[in-house]
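Below, chains carry the letters A, B, ... as their sequence lines are ordered, and counting in each starts from 1. Scope of the values below: all heavy atoms of this structure, side chains included, with no hydrogens, waters or symmetry mates.
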Amino acid sequence: MSKQQELADLIRESIQDHMTVYMAGFSHLIPFAAGHEMIRQNLRHLTLCRATPDLLYDQMIAAGLADRLAFSYAGNPGVGLLPAFRHAAESGLLALDEYTHAEMICRLEAGAAGLPFWPLAAEDNDLSRLRGRPRVACPFTGQDVAVVPALNPDVAVLHVQMADDEGNLYVWGLPGDIKEAALASRVIVATAEKVHPADSLRHLRDYLMIPGFRVKGVTEVPFGAHPSYATGLYERDTRLYQEWTQLAKTDEGRQAWLDDWVRGVPSHAAYLAKLGENYLDALKTREGGFNRALSS
Amino acid sequence: MSKQQELADLIRESIQDHMTVYMAGFSHLIPFAAGHEMIRQNLRHLTLCRATPDLLYDQMIAAGLADRLAFSYAGNPGVGLLPAFRHAAESGLLALDEYTHAEMICRLEAGAAGLPFWPLAAEDNDLSRLRGRPRVACPFTGQDVAVVPALNPDVAVLHVQMADDEGNLYVWGLPGDIKEAALASRVIVATAEKVHPADSLRHLRDYLMIPGFRVKGVTEVPFGAHPSYATGLYERDTRLYQEWTQLAKTDEGRQAWLDDWVRGVPSHAAYLAKLGENYLDALKTREGGFNRALSS
Amino acid sequence: MPSARDWMIVAAARLLENQQRVLVGVGIPNIAANLAKRLQAPDLVLVYESGVIDARPARLPLSIGDGTLVDAALAVIPMSELFSHYLATGWIDVGFLGAAQIDASGNLNSTVIGDYQHPRVRLAGSGGAAEIATGAKKTIIVMEHSRDRFPAKVDFITSPGHPPGRRRADGRGPWRVVTSLGLFGFDDSGRMGVMALMPGHTQEEVLDLSGFRIPALVDPLPVLPEPSAQELQILQDLRATLPGGTQG
Amino acid sequence: MPSARDWMIVAAARLLENQQRVLVGVGIPNIAANLAKRLQAPDLVLVYESGVIDARPARLPLSIGDGTLVDAALAVIPMSELFSHYLATGWIDVGFLGAAQIDASGNLNSTVIGDYQHPRVRLAGSGGAAEIATGAKKTIIVMEHSRDRFPAKVDFITSPGHPPGRRRADGRGPWRVVTSLGLFGFDDSGRMGVMALMPGHTQEEVLDLSGFRIPALVDPLPVLPEPSAQELQILQDLRATLPGGTQG
């Protein structure tokens with residue numbers, strides 16, 4: 001049974017207002033196309049989660065989708081801070097559930113294992129003092145061990161380099177926290193650079209990240225992570241990351257960009273057409289691990 | 001700095017009487033060559049650990065190396081029971097720290113993370129009732145969660161398909177509990193089918209299991225997992241697994257086999273010579289994932 | 001003439017439905033699951049506690065870590081992930097187990113015969129059986145029927161069955177037991193009852209070879225259809241893939 | 001004429017020894033570690049919290065998740081494993097961090113300027129900084145020296161430094177601080193002191209631009225050697241690998 005559906009349908013059927021959503025990806029494979037579709041569908045009152053909210057979350061925050069953010073590092077990678085996040089945090093418009101990276105990841109580990117808490121080695125800092133991070137006594141040694149609560153998002157949205165028609169998801173390069181975030185979530189949906197026929201990718205066994213039976217739906221979306229990168233396929237569009245810092249300094253600038261590039265285009269295909277073929281070609285990886293992996 | 005050394009030296013310098021040792025491997029990559037060298041060196045009073053003790057542990061138990069066994073499934077895979085283990089357990093000669101698979105693996109997870117306990121979803125059974133398996137109250141939900149204590153062996157012994165001179169260890173096929181066992185251990189040593197020059201395997205990034213800085217020493221030992229298998233290189237020598245059940249029924253039978261095939265040969269190279277080149281050639285994998293992976 | 005063992009294998013294989021994710025234990029469950037995949041359930045998702053997801057073994061695997069399970073699998077993952085991400089979190093439809101002993105509540109023993117500290121027979125131990133029995137959405141158990149194997153009280157509870165006096169509320173736990181005498185289920189109080197008999201066997205035999213009372217769950221008791229020629233042929237083909245001298 | 005920032009980068013790079021495993025933070029630490037690897041420490045093992053072990057970036061990485069870090073790395077592993085199997089268990093020799101603020105005990109703030117609930121400036125937050133600061137065998141911190149950045153009390157403790165009144169017993173925690181004015185260490189009571197001055201700078205400046213007293217740890221205070229032509233050339237070469245318009 002095919003799990004392929006149109007991106008707009010995938011989002012509409014999987015994500016509703018007030019849900020807790022983890023747009024996964026780490027530096028690469030950020031699901032921009034899916035996030036932009038969520039902006040077009042004008043979703044509201046979401047709790048967005050990700051260890052490393054970056055440009056996409058800044059755009060989603062600017063578009064007013066999020067009431068709350070669970071995170072551990074909210075920066076524009078290699079560029080600086082995130083203007084919309086800063087504005088929302090400094091003016092109290094966005095509730096923050098803030099953790100360190102290790103804590104955030106352990107929350108996902110607990111979620112993925114179906115357990116209510118997860119232990120970790122952690123000293124107190126002002127985050128844990130403000131928010132609370134209980135310790136439990138080890139019954140074997142008496143040692144006090146820090147614990148964090150499970151995080152179980154309603155939906156995880158992934159972008160992957162390859163999928164098959166049955167929703168099997170294949171990833172190369174940095175795994176980050178993608179797998180843990182997906183498995184901690186009740187529902188997983190994905191966009192993929194390419195969706196292949198069922199059963200045609202079994203030779204890539206070692207790159208399977210999520211088996212199809214855990215996945216509700218998948219959509220083929222080439223350049224679905226643009227302007228982030230996809231190891232082996234295309235490079236990060238750093239220019240856009242840099243420009244965002246400037247143009248997003250004011251709400252007018254942010255809304256103008258969203259009107260121009262998201263709300264003003266009907267689909268990701270239209271967004272890509274607006275960027276132009278030559279522009280996208282220049283981002284493509286000339287050679288690399290992905291092609292090597294494919295030939296294996 | 002090269003981490004290569006002779007197998008006899010590697011064992012002599014890393015493992016002493018009374019240590020807790022995890023001979024890793026799961027179905028494949030069982031470090032038979034290293035274990036046989038331990039028998040030749042006549043080590044005593046070891047605590048042997050492995051989720052799945054199989055033929056090698058039965059031979060080491062028969063040779064009198066072990067006072068204690070930490071495990072979760074002691075069977076001869078696909079054949080039946082382990083005669084030396086049975087005899088030792090039924091006559092009280094071997095102390096048992098017995099767990100379920102999930103418990104055993106969680107003990108390794110705790111050890112690898114440097115934490116004193118690990119949580120898991122587990123109901124009580126007669127093992128937990130006899131041995132104890134405390135629960136801790138989740139500070140967030142109040143739910144009682146089962147926990148097991150960390151296992152931190154003194155030494156993990158691995159066999160891998162490939163290594164480099166700096167001790168970087170590469171594995172294909174079933175990962176089992178190999179990585180967790182290695183990382184939970186204070187010292188890691190390994191035998192490898194082939195040891196390559198430093199830096200020559202970096203293109204195999206996705207198959208690196210343990211980085212060299214965690215590894216104390218490595219030795220090239222072709223067919224070092226015989227009679228178990230090594231995915232992509234050679235098949236299991238099922239005949240030997242079957243014969244063990246018969247010949248190991250009595251202590252005389254076990255000692256005769258050990259005299260013949262372990263104590264009576266000076267090295268693994270001599271053991272292989274005794275088996276014969278044609279015999280080993282017949283076990284070699286004709287084609288498969290390993291060659292595919294290598295060409296990638 | 002097919003053996004009683006073959007009849008059990010076929011009866012067990014018939015219980016699996018296409019597309020189910022079945023966590024396959026060693027022994028008869030392994031044979032039966034591989035048989036089902038070659039019969040009515042080609043898309044059966046074979047999962048092994050060794051970390052194999054959706055195996056497509058070219059031959060009958062000798063053990064849960066057999067290389068043939070790895071070759072064409074969808075994925076091979078660390079055991080830690082299989083247990084925590086898939087089994088404990090409810091993604092396995094059927095746990096498919098053997099055991100040395102079973103009692104009326106479906107408690108299974110695969111650890112020792114006799115006393116734990118001084119066993120008469122030391123068995124292999126739980127492996128993943130305790131987790132499979134409690135983590136899968138339901139469990140199918142296959143075993144020879146004898147008085148030793150069906151005692152009033154198992155010598156050791158390796159894998160917990162239904163709690164005293166009730167069936168598990170969430171549907172988990174023992175669902176069917178296939179033996180050389182018949183097919184068994186569990187009533188609302190979590191106690192085993194007969195659902196059908198193997199051809200040529202009677203309820204009296206069941207009573208005679210069990211250490212606890214096993215009532216009929218239906219009246220009259222149906223008789224299971226004999227294995228078909230096709231079922232037996234495919235089972236024979238499957239066995240023929242094993243190395244010589246190996247029991248399948 | 002090299003900038004004060006370049007002098008900091010060079011001074012920080014010199015602190016790294018060949019073959020150390022250094023967990024590299026964003027900003028100046030990233031530039032300095034990559035510089036060190038092209039200078040005195042070719043076998044420096046660059047580790048990034050993104051899960052990269054032993055990176056060999058062809059160009060200066062823009063961020064800790066830059067594709068150039070992945071290309072020739074020894075391994076890329078899940079973040080969960082990097083934090084638990086390598087950082088928390090003592091396999092990282094040096095944590096190499098920047099921060100917005102530091103106090104006399106080496107407590108670092110990278111979360112907010114002002115009050116947490118009503119911040120004047122909302123910064124990116126901890127990321128892995130809290131774990132790096134406490135998990136690495138020792139920490140090197142690099143930052144501009146100004147009164148805002150060296151307050152008596154940091155606005156928020158993101159990454160704990162030495163405990164009140166003592167240096168950490170196990171050797172962990174802040175070891176060196178490199179600023180635009182000098183090189184700093186920590187005395188037995190865990191308080192920051194000056195070890196050397198940047199060329200052209202004085203202890204008076206340090207006192208003037210710090211919100212707490214920073215005593216000299218040696219007398220007379222040495223002056224750090226100026227960056228060599230080679231160091232500056234290689235730094236320039238490294239920067240030239242960045243895309244146009246990017247700050248390195």
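- A:E90 contributes no side-chain N or O that, together with a main-chain N or O of D:P119, makes up a donor-acceptor pair within less than 3.5 Å.
- Atom OH in A:Y73 sits 8.0 Å away from atom OG in D:S110 (nearest 0.5 Å).
- Heavy-atom pairs under 4.5 Å with chain A were tallied for D:V121, D:V52, D:T68; the largest tally goes to D:V121.
- Here the closest heavy-atom approach between residue D:S50 and residue A:L174 is recorded as O-CD2, 3.7 Å.
- Between A:E98 and D:R122, at least one side-chain N (NZ, or NE/NH1/NH2) sits under 4.0 Å from a carboxylate O, which counts as a salt bridge.
- Heavy-atom distances place the side chain of A:L81, and not its backbone, under 4.5 Å from chain D.
- Side-chain contact between A:W172 and D:V76 is absent, with no heavy-atom pair separated by less than 4.5 Å.
- Most heavy-atom pairs under 4.5 Å with chain A, from the set D:S80, D:A133, D:G51, D:A73: that is D:S80.
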Check the pair A:R86, D:L123 against side-chain contact (heavy atoms from CB on, under 4.5 Å), reporting the backbone distance first and the verdict last.
-> CA-CA 8 Å; A:R86 270 196 65 179; D:L123 305 168; over 6 Å; no
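- Interface remark: D:V112 contributes no atoms to any contact with chain A (heavy atom separation under 4.5 Å).
- Side-chain contact between A:R236 and D:D66 is absent, with no heavy atoms from C-beta onward closer than 4.5 Å.
- Between atom OH of residue D:Y116 and atom CZ of residue A:R131 there is a gap of 8.5 Å, rounded to the nearest 0.5 Å.
- Interface summary for chain A: among D:S126, D:A130, D:G27, D:A129, the most heavy-atom pairs under 4.5 angstrom belong to D:S126.
- Top candidate by heavy-atom pairs under 4.5 Å with chain D, chosen from A:A102, A:P77, A:A121, is A:A102.
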Can A:F26 and D:I64 be said to form a side-chain contact (heavy atoms from CB on, under 4.5 Å), step by step?
-> CA-CA 10 Å; A:F26 188 90; D:I64 61 148; 4.2 Å; yes
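- Neither the backbone nor the side chain of D:E81 comes within contact range of chain A; no heavy atoms are under 4.5 Å apart.
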Go through the steps for A:L120 and D:F83 under the test side-chain contact (heavy atoms from CB on, under 4.5 Å), then give the verdict.
-> CA-CA 9 Å; A:L120 75 161; D:F83 279 94; over 6 Å; no
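- In this structure, no portion of A:R239 lies under 4.5 Å from any heavy atom of chain D.
- With chain A as partner, the option from D:G125, D:G127, D:S84 having the largest number of non-hydrogen pairs under 4.5 angstrom is D:G127.
- Residue contact with chain D, scored on non-hydrogen atoms closer than 4.5 Å, involves the side chain of A:L130 exclusively.
- Contact detail for A:G173 and D:V70: the closest heavy-atom pair is CA-CG1, 4.2 Å.
- Chain A is approached within less than 4.5 Å, heavy atom to heavy atom, by D:F156, D:I157, D:T158 from residues 144-159 of chain D, ordered by number.
- With rounding to the nearest 0.5 angstrom, the CG atom of A:D126 is 8.0 Å from the OG1 atom of D:T111.
- For the options A:T100, A:L96, A:T52, A:L82, heavy-atom pairs under 4.5 Å to chain D are most numerous at A:T100.
- Top candidate by heavy-atom pairs under 4.5 Å with chain D, chosen from A:F85, A:F71, A:Y99, A:Y229, is A:Y229.
- Between A:P175 and D:P78 the shortest side-chain heavy-atom distance falls below 4.5 Å.
- For A:A89, the parts lying under 4.5 angstrom from a heavy atom of chain D are both the backbone and the side chain.
- Across every non-hydrogen atom of D:M79 and A:D177, the tightest pair is SD-N, 4.1 Å.
- For A:D124, the part lying under 4.5 angstrom from a heavy atom of chain D is the backbone only.
- A:H101 and D:E131 share no side-chain donor-acceptor pair at under 3.5 Å.
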